[in-house]
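Inspection log for the structure reproduced underneath, given as structure tokens.
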Amino acid sequence: AGSILTKAIGALLTDCGVLDWYWGCKMKYMSEYESHGAKEVTRKQYYERIRKAMDLDLSIDPCDALDAGRSLIRSRPSGRI
């Protein structure tokens with residue numbers, strides 16, 4: 001389930017215009033994402049990229065995209081994923 005949710009969340013963030021996000025410690029199954037552009041960066045590089053990205057506009061806020069049903073996996077009726 002983690003692999004499927006990771007792909008769905010990554011697709012949603014990409015569709016919204018998010019350039020970088022943090023998944024935590026790299027798990028073995030995450031290596032497959034490298035063929036889609038994923039890469040491990042240092043903490044310093046990550047924070048530099050996040051600071052620059054904060055000045056960029058998203059095409060849609062991820063919460064609004066979820067509310068609009070634009071995710072690959074639908075939210076529960078209560079609105080919680």
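Of the charged side-chain nitrogens involved, at least one lies within less than 4.0 Å of a carboxylate oxygen, so that Glu32 and Lys7 count as a salt-bridged pair.
To the nearest 0.5 angstrom, Leu12 atom CG is 12.0 Å from Leu5 atom CG. Arg51 contributes atom CZ, which lies 7.0 Å from atom CD of Glu48 (distance to the nearest 0.5 angstrom).
In Tyr46, the OH atom is crowded: over 12 heavy atoms of neighbouring residues, nucleotides or ligands sit closer than 6.0 Å.
Side-chain contact between Val41 and Lys39 is present, with at least one heavy-atom pair separated by less than 4.5 Å. Between Leu13 and Pro62 the shortest side-chain heavy-atom distance falls below 4.5 Å. With contacts defined as side-chain heavy-atom distances shorter than 4.5 Å, the pair Ile4/Ile73 qualifies.
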Under the criterion side-chain hydrogen bond (donor to acceptor under 3.5 Å, both in side chains), I'd like the reasoning laid out for Thr42 against Gln45: C-alpha separation, chi angles, the key distance, then a yes or no.
CA-CA 5 Å; Thr42 66; Gln45 290 170 319; 3.2 Å; yes
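Criterion: ILVMFWY side-chain heavy atoms under 4.5 Å apart, direct or through other members. Under it, Met54 and Tyr22 are part of a common hydrophobic cluster. Hydrophobic clustering (side-chain heavy atoms under 4.5 Å, transitive across Ile, Leu, Val, Met, Phe, Trp, Tyr) keeps Val18 apart from Leu56. Residues Ile50 and Leu58 are members of separate hydrophobic clusters, defined by side-chain heavy-atom contacts under 4.5 angstrom among Ile, Leu, Val, Met, Phe, Trp and Tyr. A single hydrophobic cluster is not seen to contain both Ile60 and Ile9; linkage of ILVMFWY side chains at heavy-atom distances under 4.5 Å, directly or through other members, places them apart.
Under the 3.5 Å distance criterion, the side-chain polar atoms of Ser59 are matched with a main-chain donor or acceptor of Asp15.
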